[in-house]
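What follows is one structure encoded as structure tokens, with my remarks underneath.
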Amino acid sequence: MPFMKDSSFSQAVWRITKEIPLGKITTYAQIAQALGRPKSARAVGNALHKNPYAPIVPCHRVVKSDGNVGGFFGGKSAKKKILRSEGLKIVKDKIANFQSLIHTFKAKNNF
DNA sequence: CATATGACACTAT
DNA sequence: AATAGTGCCATAT
């Protein structure tokens, strides 16, 4: 629904998530920081959970701070599958070399 | 307006 | 290393 106005916070989350390059990942905390709210990692997760642009926004490239894949609408299994199809290696629900694959954003406070 | 919830993070155990 | 408790923030009810 194009008329529905979502909170500026959520829109910012989706916009940032869309910028994650193929083959890379980021954490909920990173997104929160990019928004100028380093402690809003949880809220970021909520925004992604409610994201209406499911296939457009690569929410599957957003993982937990410790490399665990975290949650997903279709379950962790689905998320892991997609990530593997993008060239990422996953071992025991964690991203291999995850530290070096994290994509960091430039803090953009424009909501 | 008050309380509960969740796709998180950090620290202590 | 794995688990549990605590903090935090945006929504839902």
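The figures that follow rest on heavy atoms only: side chains count, while hydrogens, waters and symmetry mates do not.
Rounded to an integer number of Å, the gap from Asp66(A) CG to dT3(C) P is 12 Å. Atom CZ in Phe73(A) sits about 13 Å away from atom P in dA7(B), given to the nearest Å. If you measure from atom NE2 of His49(A) to atom P of dC9(C), you get 22 Å, rounded to the nearest angstrom. A straight line from CG of Asn51(A) to C1' of dG6(B) spans 15 Å, rounded to a whole angstrom. Between the P atom of dC8(B) and the NZ atom of Lys94(A) lies a distance of 13 Å, rounded to the nearest Å. Atoms CD1 (Ile102(A)) and C1' (dA9(B)) sit 13 Å apart, rounded to a whole Å. Between Phe98(A) atom CZ and dA9(B) atom C1' the separation is 12 Å, expressed in whole Å. dA9(B) atom P lies 10 Å from atom CG of Asn68(A), rounded to whole Å.
Remark: Arg37(A), Lys39(A), Ser40(A), Arg42(A), Ala43(A), Asn46(A) in residues 27-48 of chain A come within less than 4.0 Å of DNA chain C through at least one heavy atom.
With distances taken from any side-chain atom of Lys64(A) to the nucleotides dC8(B), dA10(C), dA7(B), the minimum falls on dC8(B).
Under 4.0 Å is where a charged nitrogen must lie from a carboxylate oxygen, and between Lys24(A) and Glu86(A) no such pair does.
Here the straight-line distance linking atom CG of Leu83(A) with atom NZ of Lys89(A) works out to 13.5 Å at 0.5 Å rounding. We find the SG-CH2 distance between Cys59(A) and Trp14(A) to be 11.0 Å, quoted to the nearest 0.5 Å.
The closest side-chain donor-acceptor pair between Glu19(A) and His103(A), if any, does not fall under 3.5 angstrom.
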Inset, instruction - Take Gln11(A) and Phe111(A), measure what side-chain contact (heavy atoms from CB on, under 4.5 Å) needs, and give me the verdict at the end. - result: CA-CA 8 Å; Gln11(A) 289 190 41; Phe111(A) 271 55; over 6 Å; no

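Using a 4.0 Å heavy-atom criterion, one finds that Lys50(A) contacts the sugar-phosphate atoms exclusively.
In plain terms, the two heavy atoms of Gln33(A) and Pro38(A) that are nearest each other are CG-CB, 3.6 Å.
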